[in-house]
Visitor: 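The following block contains the structure, expressed as structure tokens.
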Amino acid sequence: MKIIFFGSSHFAVLSLQALIESKHEVACVVTQPDKQKGRHLHFTGTDLKDTALQAKLKIFQPEDINSKESLKFLKNLEADLFVIIAYGQILSQEVLDIPKIMPINIHASLLPRYRGAAPINWAIINGEKKSGITIIYVTPKLDSGPVILQEEVKIEDKDTAVSLEEKLSRSGARLLEQALVKIDNRDYRLIDQDEAKVIFAPKMKKEVGLIDWNASAADIHNQIRGVLPWPGAFTGLRGKILKIFQAEILSIFPNHRPVPGEVVRADKAGIVAACGRGFLKINELQLEAGKRMSAQNFIIGHKLFPGDILGKK
RNA sequence: CGCGGGGUGGAGCAGCCUGGUAGCUCGCAAGGCUCAUAACCUUGAGGUCAUGCGUUCAAAUCGCAUCCCCGCAA
């Protein structure tokens with residue numbers, strides 16, 4: 001089959017590689033235009049673009065995928081199948097009508113749960129024990145098309161959004177190969193999603209990373225794991241931003257009545273902060289302008305004492 | 001030229017504003033105490049204060065330039 005691949009994020013890389021190694025032809029890779037990124041706002045391509053460049057594939061980076069020019073370009077390729085993975089733009093019905101067989105999408109959740117741009121992050125933030133990969137027939141309404149294939153992936157307590165993305169990315173590439181076989185043989189069924197079970201997973205925003213110390217230790221722990229690699233969980237310490245990368249839950253800690261956010265311990269044994277319910281032992285953190293480091297190292301060089309309150313400006 | 005913070009013995013930091021013997025916590029080495037310890041005491045090794053140029057009698061400290069790192073913003 002002749003395939004056009006749509007994708008922009010790191011998540012799509014393994015699937016593209018799987019396609020490149022398959023018997024099918026990748027006629028073109030469509031990805032987001034280069035954007036100014038980083039400290040000095042240099043123009044950088046997407047992770048996926050690098051992979052496509054290495055494989056010497058044709059690359060298309062339209063500002064607007066639904067424009068007349070884009071439409072014309074895509075039609076001329078006469079593709080059989082569109083494979084869309086974390087592309088970043090919503091395709092119009094006109095675009096979706098182009099492939100001879102169908103457009104498919106690989107989504108990193110068990111649809112209809114977690115429709116939207118950040119399914120991996122939200123699954124962890126909400127404390128889910130499992131997530132998965134769903135391959136759907138694409139319709140214009142975001143992540144709403146009928147399901148072709150689905151596979152569950154367990155979420156371990158130690159998983160973060162980063163590690164889960166790795167797992168799901170591998171799973172997605174594997175499932176894509178299966179889906180291609182089924183589609184090639186016309187051996188598949190389309191199963192409609194149950195609209196009653198829909199949950200949305202909107203794009204990550206900066207605010208999602210702000211820690212509310214009134215929440216329970218379990219919730220904050222999920223948040224810390226879920227908002228990586230961006231925006232990262234953060235709080236305040238004497239006017240500076242303090243990022244927390246890794247922590248663990250302590251249900252009990254001997255103390256008077258701490259206020260949420262209060263540091264109840266800060267010594268070689270670790271840093272422990274009080275939450276609305278339970279306590280959080282902070283293991284890896286980073287102060288603004290500083291390096292990311294272990295709690296032990298942080299304690300050695302920074303002034304942090306029991307009684308300090310996190311989150312106050 | 002988007003905004004801001006930082007680079008000081010092996011680790012993490014203070015000192016810089018208000019130039020004048022390089023300091024703290026930890027680690028490391030040796031010794032001591034202890035049934036014992038992430039315990040405690042003693043002693044010790046280890047630093048071109050990122051790099052270059054400049055100002056000065058004198059620069060970690062003031063000025064200019066370069067390199068590297070980080071936070072914000074996207």
Visitor: Taking only Lys NZ, Arg NE, NH1 and NH2, and the carboxylate oxygens of Asp or Glu, determine whether A:Lys154 and A:Asp159 approach each other closer than 4.0 Å.
Guide: no

Visitor: Please give the distance between the C1' atoms of B:rA22 and B:rU37 as a whole number of Å.
Guide: 34 Å

Visitor: Given that A:Met293 and A:Ile300 both sit by RNA chain B, which one's nearest nucleotide is further toward the 5' end?
Guide: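 Final value for this comparison: A:Met293.
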
Visitor: In chain order, what residues pass the salt bridge (Lys or Arg N to Asp or Glu O under 4.0 Å) check against A:Glu165, with sequence neighbours excluded?
Guide: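 Partners of A:Glu165 by the salt bridge (Lys or Arg N to Asp or Glu O under 4.0 Å) criterion come out as none, since no residue qualifies.
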
Visitor: For residues 129-139 of chain A, which residue pairs qualify under salt bridge (charged side-chain N to carboxylate O under 4.0 Å, His left out), counting only residues two or more places apart or in two chains?
Guide: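 Of all non-adjacent pairs touching residues 129-139 of chain A, those that pass salt bridge (charged side-chain N to carboxylate O under 4.0 Å, His left out) are A:Lys129-A:Asp157, A:Lys130-A:Glu152.
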
Visitor: Has A:His24 got a side-chain atom pairing as donor or acceptor with A:Leu19's backbone, closer than 3.5 angstrom?
Guide: no

Visitor: Whole Å only: how far is the CZ atom of A:Phe305 from the C1' atom of B:rU25?
Guide: 10 Å

Visitor: Under a 4.5 Å cut-off applied to non-hydrogen side-chain atoms, are A:Phe82 and A:Val138 in contact?
Guide: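 Of all side-chain heavy-atom pairs linking A:Val138 with A:Phe82, none is under 4.5 Å.
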
Visitor: Any strand is fair game: report the nucleotide pairing with B:rU51 by Watson-Crick or G-U wobble, both distances under 3.5 Å, or none.
Guide: B:rA65

Visitor: Quickly work out the A:Arg238 CZ to B:rC13 P distance and round it to whole Å.
Guide: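 My rounded result for the distance is 13 Å.
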
Visitor: Are any protein N/O atoms closer than 3.5 Å to N/O atoms in nucleotides 37-40 of chain B? If there are, list each pair with its distance.
Guide:
none

Visitor: Please list, pair by pair, any protein nitrogen or oxygen found under 3.5 Å from a nitrogen or oxygen in nucleotides 67-74 of chain B.
Guide:
{"residue": "B:rC70", "atom": "O3'", "partner": "A:Gln286", "partner atom": "NE2", "Å": "3.1"}
{"residue": "B:rC70", "atom": "O2'", "partner": "A:Gly290", "partner atom": "O", "Å": "3.1"}
{"residue": "B:rC70", "atom": "N4", "partner": "A:Arg39", "partner atom": "NE", "Å": "3.1"}
{"residue": "B:rG71", "atom": "OP1", "partner": "A:Gln286", "partner atom": "OE1", "Å": "3.3"}
{"residue": "B:rG71", "atom": "OP2", "partner": "A:Arg39", "partner atom": "NH2", "Å": "3.3"}
{"residue": "B:rG71", "atom": "N7", "partner": "A:Arg39", "partner atom": "NE", "Å": "3.3"}
{"residue": "B:rG71", "atom": "N7", "partner": "A:Arg39", "partner atom": "NH2", "Å": "3.3"}
{"residue": "B:rC72", "atom": "OP1", "partner": "A:Lys206", "partner atom": "NZ", "Å": "3.3"}
{"residue": "B:rA73", "atom": "N1", "partner": "A:Gly38", "partner atom": "O", "Å": "3.4"}
{"residue": "B:rA74", "atom": "N6", "partner": "A:Trp230", "partner atom": "NE1", "Å": "3.4"}

Visitor: Who is the Watson-Crick or G-U wobble partner of B:rA45, with both distances under 3.5 Å?
Guide: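 Check on B:rA45: unpaired, no WC or wobble geometry under 3.5 Å.
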
Visitor: In whole Å, measure the gap between the P atoms of B:rA50 and B:rC28 for me.
Guide: 26 Å

Visitor: Considering Watson-Crick and G-U wobble pairs with both distances under 3.5 Å, what does B:rG2 pair with?
Guide: B:rC72

Visitor: Atom NZ of A:Lys303 to atom P of B:rU25: distance rounded to whole Å?
Guide: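 Answer to the nearest Å: 13 Å.
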
Visitor: B:rC13, OP1 or OP2 - any side-chain N/O from A:His302 closer than 4.0 Å?
Guide: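 Checking A:His302 against B:rC13: at least one side-chain N or O falls below 4.0 Å of OP1 or OP2.
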
Visitor: In the strands shown, is B:rG19 matched to any nucleotide by a Watson-Crick or G-U wobble pair with both distances under 3.5 Å, and which?
Guide: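 None - no nucleotide pairs with B:rG19, as no candidate has both distances under 3.5 Å.
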
Visitor: Tell me which pairs pass salt bridge (charged side-chain N to carboxylate O under 4.0 Å, His left out) where either residue lies in residues 239-251 of chain A, with sequence neighbours left out.
Guide: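 Salt bridge (charged side-chain N to carboxylate O under 4.0 Å, His left out) check on residues 239-251 of chain A returns A:Glu248-A:Lys281.
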
Visitor: Would you mind checking if A:Asp308 and A:Arg238 are paired as a salt bridge, meaning a charged N to carboxylate O distance below 4.0 Å?
Guide: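 Salt bridge between A:Arg238 and A:Asp308, a charged N being under 4.0 Å from a carboxylate O: yes.
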
Visitor: Please report the distance separating the C1' of B:rU21 from the corresponding atom of B:rU61, rounded so that it comes out in whole Å.
Guide: 15 Å

Visitor: Rounding to an integer number of angstrom, what distance separates B:rC64 and B:rG5 when you compare their P atoms?
Guide: 14 Å

Visitor: What interatomic distance, in whole Å, is found between C1' of B:rC69 and the corresponding atom of B:rA58?
Guide: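 Comparing C1' positions in B:rA58 and B:rC69 gives a spacing of 32 Å.
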
Visitor: Roughly how many Å apart are B:rG4 and B:rA65, using the P atom of each and rounding to a whole number?
Guide: 14 Å

Visitor: Students often mix this up, so state it plainly: with edges at 30° and 60°, are the rings of A:Phe73 and A:Phe60 parallel, tilted or perpendicular?
Guide: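 Parallel.
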
Visitor: Would you call A:Met1 and A:Ile183 a side-chain contact if the rule is heavy atoms closer than 4.5 Å?
Guide: yes

Visitor: In whole Å, what separates the P atom of B:rU8 from that of B:rC70?
Guide: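 Taking atom P in both B:rU8 and B:rC70, they lie 15 Å apart.
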
Visitor: Going by the side chain to side chain donor-acceptor pair (under 3.5 Å) test, which pairs reach into residues 201-213 of chain A, not counting sequence neighbours?
Guide: A:Asp212-A:Asn214, A:Trp213-A:Thr235

Visitor: Please state the C1' separation for the pair B:rU25 and B:rG63 - nearest whole angstrom.
Guide: 34 Å

Visitor: Could you identify the nucleotide paired to B:rG10, looking across every strand shown and requiring Watson-Crick or G-U wobble geometry with both distances under 3.5 Å?
Guide: B:rC26

